[in-house]
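Computed from a prediction, not measured in an experiment: that's the story for all the values here. Below, chains carry the letters A, B, ... as their sequence lines are ordered, and counting in each starts from 1.
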Amino acid sequence: MKDIFHDLLASRSIFKNKEVLRPSYVPDFLPHREKQINELASILAPALRGETPSNVFIYGKTGTGKTAVAKFIGKQLMEKGRQLKVNTNFVYINCEIVDTQYRVLQNVANHFIKAWEERIPFTGWPTDEVYSRLIHSIERTKGVAVIVLDEVDKLKGDEVLYNLSRMNYDLKDARTSIIGISNDLKFTEFLDPRVKSSLGEENLVFPPYSADELCDILGERAKMAFNEEVIEDNVIPLCAALAAQEHGDARRALDLLRVSAEIAERLGDKKVTEKHVRMAENKIELDRVTEIVRTLPIQSKIVLMAAIVGTEFYDSLTTGELYLIYKDLCRRAGINVLTQRRVADLISELDMLGIINARIISKGRYGRTREIDVSSSTKIKEVLEKDDTLPNLKDYKPKLQSKLL
DNA sequence: CATCCACAGGAAGGACGGGGGT
DNA sequence: ACCCCCGTCCTTCCTGTGGATG
């Protein structure tokens, strides 16, 4: 018993505050985003002077600090508003979760509705009534409202964007600014031109972080997250370098650091070392693959299974060979067989998810096809074997030769 | 050098299901 | 309550093509 408590107490000594490493945490200091912060601030500043601010469109890949900067600005703006006695409101909406026109309007409107007033229900009201209620509530504040739509590309339909971005025309005493955030560069191309011009009055690009910049970010957070002297010197540069290889994703770097420390803690080690980072890298990858595989539709699972079974016996497969195995597996499992055209698309999807590799090769006279292999096949196989909707692949042997005749 | 394999991958359309508008 | 539109999944049909082989 004593030993158990001893271990637990010892392991407490790594983290001081784990929360600051979580993606949801918004730090007070954002290294290497000063330029973006200043630009965004100068775009929104007119609002505090009673002028109408522009709408902004922000884009950049995942983990480049888009959301953090937006939330940070929101906080600052609220503070400045209090100082200047201007009524400021900041609404943050993640469109991946709130993804329909009605729910966006409802969410924004409810933000402005006072506690004792009737809130707008989840469903039931005509959309235009929600809109006019929203306009009315904002008008009443006689102040500034900044509305952030994170992941705007996930929004179904662009009507909401149109309505929201032209709200200023319906307002007299209040002003709004819409900030749209997206990681899809081509997103605006598909928008209604009117929305495009009103939302994209200003554009901000967030470039990926370099390895050095990631180091600074991690260092800053590590000071808050960990106790003194628990992180070895090479750990942070390593996390930064690994994340920079991907696409300068700060979230990934922070995850690596956090998981490394968690592993160290669980192992009862007093310091986080390079070894833990390597283990963390592995664990994160395994978790990612597991999650992807687990949530794959049945047909994709069968295709993946065919790829694994096939590569176990032949070191690379062509689309045609994979398809033969796939058909056989389907018949055994009593699942309907898709056409080769469709299976080819499923193979592409699996390739894009990064759980198989499929590259186009030409075998000259013997055709052009994709060569397929599987990166971490044993991990994937484990996940697939636990799935009881699939045929059991123990002792299964593909018989290509006879089928190919 | 033309040929020709075994596909890649685009186009069009059918079936189906869910969500929003009326 | 109903319908319609849209997205997803899948099929059918099709044209395009890199490069070993004759």
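We find that CD1 of A/Ile335 is positioned 12 Å from P of C/dC10, with the value rounded to whole Å. Across the protein-nucleic acid pair, A/Leu338 atom CG and B/dA15 atom C1' stand 14 Å apart, rounded to whole Å. Rounded to an integer number of Å, the gap from A/Arg368 CZ to C/dG18 C1' is 6 Å. A straight line from CG of A/Leu324 to P of B/dC7 spans 8 Å, rounded to a whole angstrom. Straight-line distance from the CG atom of A/Asn336 to the C1' atom of C/dC9: 11 Å, rounded to whole Å. Rounded to an integer number of Å, the gap from A/Arg341 CZ to B/dG13 P is 16 Å. In this structure, A/Gln340 places its CD atom 9 Å from C1' of B/dA6, rounding to the nearest Å. The distance between atom CD1 of A/Ile372 and atom C1' of B/dA6, rounded to the nearest whole Å, is 13 Å.
No N or O donor and acceptor, one from the side chain of A/Arg342 and one from the base of C/dT11, sit under 3.5 Å apart.
Salt-bridge check for A/Asp328 with A/Arg332: passed, with a basic side-chain N closer than 4.0 Å to an acidic carboxylate O. Ion pairing between a basic and an acidic side chain is recognised when a charged N comes within 4.0 Å of a carboxylate O; A/Glu291 and A/Arg288 show no such pairing. With salt bridges taken as basic N to acidic carboxylate O contacts below 4.0 Å, one links A/Glu274 and A/Arg278.
Comparing A/Gly367 and A/Thr319, the nucleotide of DNA chain B nearest to each residue sits closer to the 5' end for A/Gly367.
Across residues 343-363 of chain A, A/Ala344, A/Ile360 each have a non-hydrogen atom less than 4.0 Å from an atom of DNA chain B (numbered order).
Of the candidates C/dT21, C/dC10, B/dC7, C/dC10 carries the atom nearest the A/Gln299 side chain, counting heavy atoms from C-beta on.
Within the 3.5 Å criterion, the main-chain N or O of A/Val86 finds no donor-acceptor partner in the side chain of A/Lys142.
Judged by a 6.0 Å distance limit and a 45° cone about the ring axis, A/Arg33 is positioned over the six-membered ring of A/Tyr209.
Of all the heavy atoms in A/Val289 and A/Ser376, the pair that sits closest is CG2-OG, 4.4 Å.
Taking 4.0 angstrom as the limit, A/Arg370 places a side-chain polar atom (N or O) nearer than this to OP1 or OP2 of B/dA8.
Separation of the A/Phe226 and A/Phe15 ring centroids falls under the 6.0 Å cut-off.
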